[in-house]
*Asks:* 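Just passing along the structure, written as C-alpha coordinates.
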Number of protein chains: 2
Amino acid sequence: MRVLKYAILGLLIKRPMTGYELAKEFNFELAEFWHASHSQIYPELKKLNDEGLVTYDIEISGDILEAKRYSITKEGELEFTQWLHKDEKIPKTQKDIFRLRMYFSNNLDPKTRIHLLENQRQQHLKRLNTLVKTSEQYPEVPDLYSDRFGDFVVLKGAIMRQENIIEWIDQCIGYIEAGAKNKP
Amino acid sequence: MRVLKYAILGLLIKRPMTGYELAKEFNFELAEFWHASHSQIYPELKKLNDEGLVTYDIEISGDILEAKRYSITKEGELEFTQWLHKDEKIPKTQKDIFRLRMYFSNNLDPKTRIHLLENQRQQHLKRLNTLVKTSEQYPEVPDLYSDRFGDFVVLKGAIMRQENIIEWIDQCIGYIEAGAKNKP
DNA sequence: AATCAACATGTAAATATTGACATGTAAGAT
DNA sequence: ATCTTACATGTCAATATTTACATGTTGATT
(Lines give C-alpha, C1' and ligand atoms only; values in the text may rest on other atoms or scores of the structure.)
Protein backbone atom coordinates (compact mmCIF):
# COMPACT_ATOMS: atom_id res chain seq x y z
CA MET A 1 0.00 0.00 0.00
CA ARG A 2 3.02 2.24 0.55
CA VAL A 3 1.45 4.51 3.12
CA LEU A 4 4.82 5.99 4.01
CA LYS A 5 4.96 7.33 0.47
CA TYR A 6 1.79 9.34 1.02
CA ALA A 7 2.75 10.38 4.51
CA ILE A 8 5.94 11.90 3.12
CA LEU A 9 4.19 13.52 0.15
CA GLY A 10 1.61 15.06 2.48
CA LEU A 11 4.28 16.52 4.71
CA LEU A 12 6.16 17.94 1.74
CA ILE A 13 3.02 19.76 0.59
CA LYS A 14 3.27 21.88 3.73
CA ARG A 15 6.85 22.84 3.02
CA PRO A 16 10.07 21.43 1.55
CA MET A 17 11.95 19.38 4.10
CA THR A 18 15.11 17.35 4.56
CA GLY A 19 15.01 13.68 5.48
CA TYR A 20 16.11 14.63 8.94
CA GLU A 21 13.22 17.04 9.35
CA LEU A 22 10.76 14.44 8.09
CA ALA A 23 12.07 12.00 10.67
CA LYS A 24 11.49 14.63 13.35
CA GLU A 25 7.88 15.11 12.23
CA PHE A 26 7.35 11.37 12.46
CA ASN A 27 8.80 11.31 15.92
CA PHE A 28 6.90 14.27 17.30
CA GLU A 29 3.83 15.76 15.70
CA LEU A 30 2.59 12.65 13.93
CA ALA A 31 3.81 10.24 16.56
CA GLU A 32 0.33 9.53 17.91
CA PHE A 33 -0.81 7.74 14.76
CA TRP A 34 2.17 7.26 12.48
CA HIS A 35 5.83 6.57 12.88
CA ALA A 36 8.84 5.97 10.69
CA SER A 37 12.53 6.11 11.38
CA HIS A 38 15.24 7.54 9.19
CA SER A 39 16.23 4.09 7.95
CA GLN A 40 12.87 3.88 6.23
CA ILE A 41 12.65 7.53 5.21
CA TYR A 42 15.90 7.90 3.29
CA PRO A 43 15.31 4.93 0.97
CA GLU A 44 11.70 6.02 0.43
CA LEU A 45 12.83 9.53 -0.54
CA LYS A 46 15.24 8.05 -3.04
CA LYS A 47 12.43 5.96 -4.51
CA LEU A 48 10.06 8.94 -4.68
CA ASN A 49 12.76 10.91 -6.44
CA ASP A 50 13.25 8.09 -8.96
CA GLU A 51 9.50 8.13 -9.57
CA GLY A 52 9.52 11.88 -10.17
CA LEU A 53 7.17 12.62 -7.27
CA VAL A 54 9.73 14.71 -5.39
CA THR A 55 12.87 16.68 -6.25
CA TYR A 56 15.61 18.08 -4.09
CA ASP A 57 18.06 20.92 -3.85
CA ILE A 58 21.28 20.58 -1.95
CA GLU A 59 21.85 23.06 0.85
CA ILE A 60 25.21 23.66 2.45
CA SER A 61 25.47 24.47 6.14
CA GLY A 62 28.83 25.78 7.30
CA ASP A 63 31.64 24.62 5.04
CA ILE A 64 30.66 21.23 3.70
CA LEU A 65 27.64 19.71 5.49
CA GLU A 66 25.16 18.84 2.79
CA ALA A 67 21.42 18.55 3.29
CA LYS A 68 18.97 17.51 0.60
CA ARG A 69 15.86 19.61 0.83
CA TYR A 70 13.03 17.72 -0.86
CA SER A 71 10.04 19.36 -2.54
CA ILE A 72 6.95 17.72 -3.97
CA THR A 73 6.43 17.87 -7.75
CA LYS A 74 3.18 18.46 -9.67
CA GLU A 75 2.95 14.71 -10.28
CA GLY A 76 3.50 14.09 -6.59
CA GLU A 77 0.72 16.48 -5.63
CA LEU A 78 -1.61 14.79 -8.10
CA GLU A 79 -0.92 11.30 -6.76
CA PHE A 80 -1.23 12.48 -3.19
CA THR A 81 -4.57 14.18 -3.81
CA GLN A 82 -5.94 11.11 -5.55
CA TRP A 83 -4.92 8.97 -2.58
CA LEU A 84 -6.41 11.43 -0.11
CA HIS A 85 -9.82 11.25 -1.77
CA LYS A 86 -10.12 7.49 -1.49
CA ASP A 87 -12.55 5.82 0.86
CA GLU A 88 -10.90 3.26 2.99
CA LYS A 89 -11.92 -0.01 4.56
CA ILE A 90 -11.36 0.09 8.30
CA PRO A 91 -8.46 -2.17 9.18
CA LYS A 92 -9.21 -5.67 10.44
CA THR A 93 -7.16 -5.29 13.54
CA GLN A 94 -5.21 -2.82 15.61
CA LYS A 95 -2.61 -5.07 17.13
CA ASP A 96 -2.31 -4.53 20.83
CA ILE A 97 0.07 -6.61 22.91
CA PHE A 98 -1.34 -5.48 26.23
CA ARG A 99 -4.85 -6.54 25.27
CA LEU A 100 -3.43 -9.86 24.18
CA ARG A 101 -1.99 -10.22 27.69
CA MET A 102 -5.32 -9.31 29.25
CA TYR A 103 -7.01 -11.84 27.00
CA PHE A 104 -4.84 -14.46 28.68
CA SER A 105 -5.05 -12.89 32.14
CA ASN A 106 -6.98 -15.77 33.69
CA ASN A 107 -3.53 -17.35 33.99
CA LEU A 108 -2.46 -14.64 36.47
CA ASP A 109 -3.39 -14.04 40.08
CA PRO A 110 -5.45 -10.89 40.74
CA LYS A 111 -2.56 -9.02 42.34
CA THR A 112 -0.37 -9.39 39.26
CA ARG A 113 -3.22 -8.41 36.98
CA ILE A 114 -3.80 -5.22 38.91
CA HIS A 115 -0.10 -4.48 38.98
CA LEU A 116 0.11 -4.81 35.20
CA LEU A 117 -2.98 -2.66 34.73
CA GLU A 118 -1.77 0.05 37.12
CA ASN A 119 1.52 0.14 35.28
CA GLN A 120 -0.23 0.67 31.96
CA ARG A 121 -2.54 3.22 33.52
CA GLN A 122 0.35 5.30 34.71
CA GLN A 123 2.04 5.25 31.32
CA HIS A 124 -1.16 6.15 29.49
CA LEU A 125 -1.90 8.93 31.96
CA LYS A 126 1.52 10.39 31.36
CA ARG A 127 0.96 10.38 27.63
CA LEU A 128 -2.48 11.89 28.10
CA ASN A 129 -0.99 14.77 30.09
CA THR A 130 1.54 15.44 27.36
CA LEU A 131 -1.21 15.48 24.76
CA VAL A 132 -3.40 17.80 26.81
CA LYS A 133 -0.47 20.16 27.25
CA THR A 134 0.09 20.15 23.49
CA SER A 135 -3.59 20.83 22.86
CA GLU A 136 -3.31 24.09 24.79
CA GLN A 137 -1.78 25.48 21.60
CA TYR A 138 -5.29 25.29 20.17
CA PRO A 139 -7.66 27.46 22.19
CA GLU A 140 -9.94 27.54 19.15
CA VAL A 141 -10.71 25.24 16.25
CA PRO A 142 -8.29 26.24 13.48
CA ASP A 143 -9.57 27.36 10.12
CA LEU A 144 -10.74 24.48 7.91
CA TYR A 145 -8.09 25.19 5.30
CA SER A 146 -5.21 25.81 7.64
CA ASP A 147 -2.78 22.92 7.92
CA ARG A 148 -3.26 23.21 11.67
CA PHE A 149 -6.81 21.85 11.27
CA GLY A 150 -5.61 18.31 10.64
CA ASP A 151 -3.22 18.46 13.53
CA PHE A 152 -6.03 19.71 15.76
CA VAL A 153 -8.56 16.98 14.97
CA VAL A 154 -5.99 14.22 15.20
CA LEU A 155 -4.77 15.58 18.51
CA LYS A 156 -8.36 15.64 19.78
CA GLY A 157 -8.69 12.03 18.68
CA ALA A 158 -5.49 11.04 20.44
CA ILE A 159 -6.68 12.65 23.67
CA MET A 160 -10.06 10.95 23.43
CA ARG A 161 -8.38 7.64 22.78
CA GLN A 162 -6.07 7.98 25.78
CA GLU A 163 -8.99 8.87 28.04
CA ASN A 164 -10.88 5.89 26.71
CA ILE A 165 -8.02 3.49 27.33
CA ILE A 166 -7.66 4.73 30.91
CA GLU A 167 -11.39 4.31 31.43
CA TRP A 168 -11.12 0.73 30.18
CA ILE A 169 -8.17 0.02 32.46
CA ASP A 170 -10.12 1.37 35.43
CA GLN A 171 -13.07 -0.85 34.58
CA CYS A 172 -10.77 -3.86 34.33
CA ILE A 173 -9.31 -3.06 37.76
CA GLY A 174 -12.86 -2.78 39.06
CA TYR A 175 -13.84 -6.19 37.70
CA ILE A 176 -10.78 -7.80 39.22
CA GLU A 177 -11.24 -6.18 42.64
CA ALA A 178 -14.90 -7.19 42.70
CA GLY A 179 -14.08 -10.73 41.62
CA ALA A 180 -11.22 -11.13 44.08
CA LYS A 181 -13.38 -10.01 47.00
CA ASN A 182 -15.53 -13.13 46.66
CA LYS A 183 -12.70 -15.64 46.30
CA PRO A 184 -9.38 -14.18 47.38
CA MET B 1 9.71 -9.75 20.14
CA ARG B 2 7.89 -12.76 18.63
CA VAL B 3 4.46 -11.91 19.97
CA LEU B 4 2.84 -14.49 17.69
CA LYS B 5 4.78 -17.11 19.61
CA TYR B 6 3.09 -16.11 22.87
CA ALA B 7 -0.30 -15.65 21.24
CA ILE B 8 -0.13 -19.24 20.02
CA LEU B 9 1.17 -20.60 23.32
CA GLY B 10 -1.61 -18.80 25.19
CA LEU B 11 -4.26 -20.29 22.93
CA LEU B 12 -2.81 -23.77 23.29
CA ILE B 13 -3.06 -23.51 27.09
CA LYS B 14 -6.84 -23.43 26.70
CA ARG B 15 -6.86 -26.60 24.62
CA PRO B 16 -4.83 -28.41 21.96
CA MET B 17 -5.52 -27.07 18.50
CA THR B 18 -4.60 -27.58 14.87
CA GLY B 19 -3.02 -24.80 12.84
CA TYR B 20 -6.31 -24.40 11.06
CA GLU B 21 -8.16 -23.88 14.33
CA LEU B 22 -5.57 -21.37 15.51
CA ALA B 23 -6.05 -19.42 12.30
CA LYS B 24 -9.78 -19.36 12.96
CA GLU B 25 -9.24 -17.99 16.47
CA PHE B 26 -7.10 -15.22 15.01
CA ASN B 27 -9.79 -14.40 12.52
CA PHE B 28 -12.70 -14.40 14.92
CA GLU B 29 -12.40 -14.16 18.68
CA LEU B 30 -9.08 -12.37 18.82
CA ALA B 31 -9.61 -10.35 15.67
CA GLU B 32 -10.25 -7.09 17.51
CA PHE B 33 -6.69 -6.81 18.78
CA TRP B 34 -4.59 -9.47 17.08
CA HIS B 35 -4.44 -11.12 13.73
CA ALA B 36 -2.33 -13.68 11.92
CA SER B 37 -2.95 -15.74 8.82
CA HIS B 38 -2.10 -19.37 8.26
CA SER B 39 1.02 -18.50 6.29
CA GLN B 40 2.46 -17.09 9.50
CA ILE B 41 1.00 -19.69 11.83
CA TYR B 42 2.29 -22.89 10.22
CA PRO B 43 5.95 -21.83 10.13
CA GLU B 44 5.66 -20.51 13.69
CA LEU B 45 4.24 -23.84 14.89
CA LYS B 46 7.14 -25.64 13.26
CA LYS B 47 9.55 -23.32 15.02
CA LEU B 48 7.83 -23.78 18.39
CA ASN B 49 8.00 -27.53 17.91
CA ASP B 50 11.75 -27.31 17.14
CA GLU B 51 12.16 -25.31 20.34
CA GLY B 52 10.30 -27.91 22.36
CA LEU B 53 7.56 -25.53 23.44
CA VAL B 54 4.80 -27.47 21.71
CA THR B 55 4.25 -31.04 20.51
CA TYR B 56 1.70 -32.54 18.18
CA ASP B 57 -0.26 -35.69 17.53
CA ILE B 58 -1.50 -36.57 14.10
CA GLU B 59 -5.21 -37.07 13.74
CA ILE B 60 -6.82 -38.73 10.76
CA SER B 61 -10.20 -37.62 9.47
CA GLY B 62 -11.85 -39.95 6.99
CA ASP B 63 -9.32 -42.07 5.13
CA ILE B 64 -6.17 -39.99 4.80
CA LEU B 65 -6.65 -36.33 5.75
CA GLU B 66 -4.04 -35.56 8.36
CA ALA B 67 -4.31 -32.84 10.97
CA LYS B 68 -1.58 -31.98 13.47
CA ARG B 69 -3.12 -31.22 16.83
CA TYR B 70 -0.64 -29.15 18.79
CA SER B 71 -0.34 -29.12 22.58
CA ILE B 72 1.78 -26.90 24.77
CA THR B 73 4.64 -28.52 26.74
CA LYS B 74 5.74 -27.81 30.32
CA GLU B 75 8.57 -25.64 28.91
CA GLY B 76 6.07 -23.81 26.76
CA GLU B 77 3.84 -23.09 29.72
CA LEU B 78 6.80 -21.81 31.68
CA GLU B 79 7.94 -19.45 28.95
CA PHE B 80 4.42 -18.24 28.38
CA THR B 81 3.82 -17.52 32.06
CA GLN B 82 7.09 -15.62 32.32
CA TRP B 83 6.12 -13.50 29.34
CA LEU B 84 2.64 -12.87 30.74
CA HIS B 85 4.05 -11.46 33.97
CA LYS B 86 6.17 -8.81 32.27
CA ASP B 87 5.39 -5.13 32.45
CA GLU B 88 5.30 -3.56 29.08
CA LYS B 89 6.10 -0.13 27.69
CA ILE B 90 3.11 1.28 25.86
CA PRO B 91 3.84 1.30 22.14
CA LYS B 92 5.02 4.53 20.54
CA THR B 93 2.36 4.56 17.94
CA GLN B 94 -0.80 2.82 16.79
CA LYS B 95 -0.60 3.31 13.07
CA ASP B 96 -3.83 4.60 11.66
CA ILE B 97 -4.15 5.40 7.99
CA PHE B 98 -7.46 7.18 8.35
CA ARG B 99 -6.06 9.54 10.96
CA LEU B 100 -3.15 10.18 8.64
CA ARG B 101 -5.67 11.22 5.99
CA MET B 102 -7.46 13.47 8.44
CA TYR B 103 -4.13 15.00 9.41
CA PHE B 104 -3.82 16.08 5.78
CA SER B 105 -7.51 16.90 5.37
CA ASN B 106 -6.97 20.63 4.89
CA ASN B 107 -6.21 19.61 1.29
CA LEU B 108 -9.82 18.48 0.82
CA ASP B 109 -13.02 20.45 0.44
CA PRO B 110 -15.49 20.11 3.34
CA LYS B 111 -17.90 17.94 1.36
CA THR B 112 -15.25 15.31 0.65
CA ARG B 113 -14.07 15.36 4.24
CA ILE B 114 -17.57 14.71 5.51
CA HIS B 115 -18.07 12.00 2.94
CA LEU B 116 -14.90 10.22 4.08
CA LEU B 117 -15.89 10.61 7.73
CA GLU B 118 -19.44 9.33 7.18
CA ASN B 119 -18.04 6.35 5.35
CA GLN B 120 -15.77 5.50 8.26
CA ARG B 121 -18.58 6.14 10.72
CA GLN B 122 -20.81 3.65 9.00
CA GLN B 123 -18.12 0.96 8.97
CA HIS B 124 -17.24 1.52 12.62
CA LEU B 125 -20.91 1.48 13.60
CA LYS B 126 -21.36 -1.84 11.85
CA ARG B 127 -18.42 -3.29 13.73
CA LEU B 128 -19.74 -1.86 16.99
CA ASN B 129 -23.08 -3.58 16.45
CA THR B 130 -21.35 -6.89 15.83
CA LEU B 131 -19.34 -6.47 19.02
CA VAL B 132 -22.39 -5.54 21.08
CA LYS B 133 -24.19 -8.59 19.76
CA THR B 134 -21.24 -10.77 20.75
CA SER B 135 -21.18 -9.22 24.22
CA GLU B 136 -24.71 -10.44 24.83
CA GLN B 137 -23.10 -13.80 25.54
CA TYR B 138 -21.84 -12.20 28.75
CA PRO B 139 -24.78 -11.10 30.88
CA GLU B 140 -22.46 -11.24 33.91
CA VAL B 141 -18.75 -10.73 34.49
CA PRO B 142 -17.20 -14.21 34.13
CA ASP B 143 -15.26 -15.74 36.98
CA LEU B 144 -11.74 -14.31 37.34
CA TYR B 145 -10.13 -17.66 36.63
CA SER B 146 -12.34 -18.70 33.74
CA ASP B 147 -10.76 -18.30 30.34
CA ARG B 148 -13.86 -16.33 29.41
CA PHE B 149 -12.73 -13.49 31.68
CA GLY B 150 -10.02 -12.37 29.27
CA ASP B 151 -12.40 -12.53 26.35
CA PHE B 152 -14.90 -10.47 28.31
CA VAL B 153 -12.61 -7.60 29.28
CA VAL B 154 -11.06 -7.40 25.85
CA LEU B 155 -14.50 -7.36 24.25
CA LYS B 156 -15.54 -4.57 26.62
CA GLY B 157 -12.44 -2.68 25.54
CA ALA B 158 -13.20 -3.20 21.88
CA ILE B 159 -16.73 -1.87 22.35
CA MET B 160 -15.49 1.16 24.25
CA ARG B 161 -12.92 1.81 21.57
CA GLN B 162 -15.47 1.64 18.78
CA GLU B 163 -17.80 4.00 20.65
CA ASN B 164 -14.91 6.37 21.19
CA ILE B 165 -13.90 6.36 17.54
CA ILE B 166 -17.47 7.12 16.48
CA GLU B 167 -17.63 9.96 18.99
CA TRP B 168 -14.43 11.36 17.52
CA ILE B 169 -15.76 11.07 13.98
CA ASP B 170 -18.93 12.90 15.02
CA GLN B 171 -16.90 15.68 16.58
CA CYS B 172 -14.83 15.98 13.40
CA ILE B 173 -18.00 16.25 11.33
CA GLY B 174 -19.23 18.92 13.75
CA TYR B 175 -16.03 20.96 13.39
CA ILE B 176 -16.22 20.78 9.61
CA GLU B 177 -19.90 21.73 9.44
CA ALA B 178 -19.34 24.65 11.78
CA GLY B 179 -16.29 25.80 9.85
CA ALA B 180 -17.98 25.47 6.46
CA LYS B 181 -20.95 27.56 7.58
CA ASN B 182 -18.74 30.61 7.87
CA LYS B 183 -16.88 30.24 4.59
CA PRO B 184 -18.67 27.82 2.27
C1' DA C 1 -22.51 -37.77 -10.20
C1' DA C 2 -21.39 -33.03 -9.38
C1' DT C 3 -20.72 -29.19 -6.73
C1' DC C 4 -19.72 -26.50 -2.77
C1' DA C 5 -18.20 -25.14 1.78
C1' DA C 6 -15.28 -26.24 5.25
C1' DC C 7 -11.14 -28.66 6.65
C1' DA C 8 -6.20 -28.98 6.27
C1' DT C 9 -1.19 -27.76 5.36
C1' DG C 10 2.29 -25.87 3.39
C1' DT C 11 5.84 -22.47 0.41
C1' DA C 12 7.35 -18.22 -2.04
C1' DA C 13 7.68 -13.54 -3.09
C1' DA C 14 7.09 -8.98 -1.96
C1' DT C 15 6.78 -5.46 1.31
C1' DA C 16 7.15 -3.24 5.77
C1' DT C 17 9.52 -2.34 9.89
C1' DT C 18 12.95 -2.21 13.48
C1' DG C 19 17.44 -1.87 15.33
C1' DA C 20 22.10 -1.89 14.63
C1' DC C 21 26.05 -0.36 12.12
C1' DA C 22 28.56 3.50 10.14
C1' DT C 23 30.16 8.18 9.48
C1' DG C 24 30.74 12.84 9.88
C1' DT C 25 29.69 18.29 10.55
C1' DA C 26 28.05 22.66 12.98
C1' DA C 27 27.20 25.53 16.66
C1' DG C 28 27.12 26.72 21.22
C1' DA C 29 28.55 26.16 25.96
C1' DT C 30 32.23 25.49 29.32
C1' DA D 1 40.54 23.52 23.40
C1' DT D 2 36.94 20.20 24.46
C1' DC D 3 32.59 18.56 24.93
C1' DT D 4 27.85 18.04 23.93
C1' DT D 5 23.73 18.37 21.36
C1' DA D 6 21.59 18.76 17.21
C1' DC D 7 22.11 18.23 12.31
C1' DA D 8 22.64 15.10 8.46
C1' DT D 9 22.70 10.78 5.48
C1' DG D 10 23.07 6.48 4.52
C1' DT D 11 23.31 0.79 4.57
C1' DC D 12 22.49 -3.86 6.39
C1' DA D 13 20.47 -7.67 8.76
C1' DA D 14 16.77 -9.57 11.01
C1' DT D 15 11.86 -9.80 11.65
C1' DA D 16 7.19 -9.35 10.67
C1' DT D 17 3.43 -9.38 7.64
C1' DT D 18 0.59 -9.84 3.55
C1' DT D 19 -0.75 -11.87 -0.69
C1' DA D 20 -0.42 -15.18 -3.87
C1' DC D 21 0.73 -19.74 -5.22
C1' DA D 22 -0.09 -24.68 -4.57
C1' DT D 23 -2.52 -28.87 -3.34
C1' DG D 24 -5.70 -31.99 -1.66
C1' DT D 25 -9.72 -34.23 1.49
C1' DT D 26 -14.28 -34.61 3.74
C1' DG D 27 -19.05 -34.31 4.17
C1' DA D 28 -23.30 -32.46 2.91
C1' DT D 29 -26.41 -30.96 -0.49
C1' DT D 30 -28.43 -31.06 -5.06
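First the proteins, then the strands, lettered A, B, ... as listed; each starts at 1.
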*Asks:* Closer to the 5' end of DNA chain D via nearest nucleotide, is it A:Gly19 or B:His35?
*Replies:*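 Nearest-nucleotide comparison on DNA chain D picks A:Gly19.
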
*Asks:* So, A:Tyr138 and A:Asp151: side-chain donor and acceptor under 3.5 Å apart, yes or no?
*Replies:*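 Looking only at side-chain atoms, A:Asp151 and A:Tyr138 do form a donor-acceptor pair, the distance falling under 3.5 Å.
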
*Asks:* Categorize B:Lys92 for me: base, sugar-phosphate, or nothing, with a 4.0 angstrom heavy-atom threshold over every strand shown.
*Replies:* nothing

*Asks:* Which of the following nucleotides, C:dT9, C:dT11, D:dC7, is nearest to the side chain of B:Pro43?
*Replies:*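 Of all the options, the side chain of B:Pro43 is nearest to C:dT11.
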
*Asks:* Count the heavy atoms belonging to other residues, nucleotides or ligands that lie under 6.0 Å from NZ of A:Lys126, then report whether that count exceeds 12.
*Replies:* no

*Asks:* Identify every side-chain donor-acceptor pair in residues 60-72 of chain A under 3.5 Å, counting partners at least two apart or on other chains, and give the distances.
*Replies:*
{"from": "A:Arg69", "atom 1": "NE", "to": "A:Glu59", "atom 2": "OE1", "distance (Å)": "3.3"}
{"from": "A:Arg69", "atom 1": "NE", "to": "A:Glu59", "atom 2": "OE2", "distance (Å)": "2.7"}
{"from": "A:Arg69", "atom 1": "NH1", "to": "A:Pro16", "atom 2": "O", "distance (Å)": "3.4"}
{"from": "A:Arg69", "atom 1": "NH1", "to": "A:Glu21", "atom 2": "OE1", "distance (Å)": "3.0"}
{"from": "A:Arg69", "atom 1": "NH2", "to": "A:Glu59", "atom 2": "OE1", "distance (Å)": "3.3"}

*Asks:* Under 3.5 Å, is there any donor-acceptor pair linking the side chain of B:Ser37 to the base of D:dT17?
*Replies:* no

*Asks:* Rounding to an integer number of Å, can you tell me how far A:Arg69 CZ sits from D:dT9 C1'?
*Replies:*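 Distance check: A:Arg69 CZ to D:dT9 C1' gives 14 Å.
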
*Asks:* Could you give the NZ-to-P distance, from A:Lys47 to C:dT15, as a whole number of Å?
*Replies:*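 It is 6 Å, rounded to the nearest whole Å.
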
*Asks:* How many whole angstroms separate atom CD1 of A:Ile41 from atom C1' of C:dA16?
*Replies:*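 My rounded result for the distance is 14 Å.
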
*Asks:* Check every atom of C:dG10, D:dT11, C:dT17 against the side chain of B:Tyr42 and return the nucleotide holding the closest atom.
*Replies:*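 Of the candidates, C:dG10 comes closest.
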
*Asks:* Over how many whole Å does the gap from A:Trp34 atom CH2 to C:dT17 atom C1' extend?
*Replies:*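 Atom-to-atom, A:Trp34 to C:dT17, this comes out as 11 Å.
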
*Asks:* Just compare D:dA20, C:dT18, C:dC21 and give me whichever is closest to any side-chain atom of A:His38.
*Replies:* C:dC21

*Asks:* Expressed as a whole number of angstroms, how long is the span from B:Gln40:CD to C:dA12:P?
*Replies:* 17 Å

*Asks:* Under 6.0 Å from the six-membered ring centre of B:Phe80 and within 45° of its axis: does the NZ or CZ of B:Arg2 meet both?
*Replies:*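 Checked: cation-pi criterion not met.
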
*Asks:* Of B:Lys68 and A:Gly62, whose closest DNA chain C nucleotide lies nearer the 5' terminus?
*Replies:* B:Lys68

*Asks:* Between C:dC7 atom C1' and B:Ile64 atom CD1, what is the distance in whole Å?
*Replies:* 13 Å

*Asks:* Reckon B:Lys24 has a side-chain N or O less than 4.0 Å from the OP1 or OP2 of C:dC7?
*Replies:*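 For C:dC7, OP1/OP2 do have a side-chain N/O of B:Lys24 under 4.0 Å.
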
*Asks:* Does A:Arg101 count as lying over the ring of B:Trp83, i.e. NZ or CZ under 6.0 Å from the six-ring centre, within 45 degrees of the axis?
*Replies:* yes

*Asks:* Within the modelled atom types, does a donor on one side and an acceptor on the other bring the side chain of B:Ser61 and the base of D:dG27 under 3.5 Å apart?
*Replies:*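 Such a pair does not exist between side chain and base.
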
*Asks:* Which nucleotide wins on minimum distance to the side chain of B:Leu65, given the candidates D:dA8, D:dT18, D:dT26?
*Replies:* D:dT26

*Asks:* Check every strand shown and say whether A:Thr18 touches a base, only sugar-phosphate, or nothing at a heavy-atom separation below 4.0 Å.
*Replies:* sugar-phosphate

*Asks:* Taking only N and O in the side chain of A:Lys46, is any of them less than 4.0 Å away from OP1 or OP2 of D:dT11?
*Replies:* yes

*Asks:* Which listed nucleotide (D:dT9, C:dG10, D:dC12) is nearest to the side chain of B:Tyr70?
*Replies:*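 Selected nucleotide: C:dG10.
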
*Asks:* Please classify the nucleic acid contact of B:Lys5 as base, sugar-phosphate, or nothing, using heavy-atom distances under 4.0 Å.
*Replies:*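 Nothing: the residue B:Lys5, judged by heavy atoms under 4.0 Å, touches no strand.
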
*Asks:* Without decimals, in angstroms, what is the distance between A:Met1 CE and C:dT15 P?
*Replies:*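 Going from A:Met1 (CE) to C:dT15 (P), I get 13 Å.
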
*Asks:* Would a hydrophobic clustering, with Ile, Leu, Val, Met, Phe, Trp and Tyr connected at side-chain separations under 4.5 Å, put B:Ile58 with B:Leu12?
*Replies:* yes

*Asks:* What is the distance, to the nearest angstrom, from the CD1 atom on A:Ile58 to the P atom on C:dT25?
*Replies:*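 Interatomic distance, CD1 of A:Ile58 to P of C:dT25: 17 Å.
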
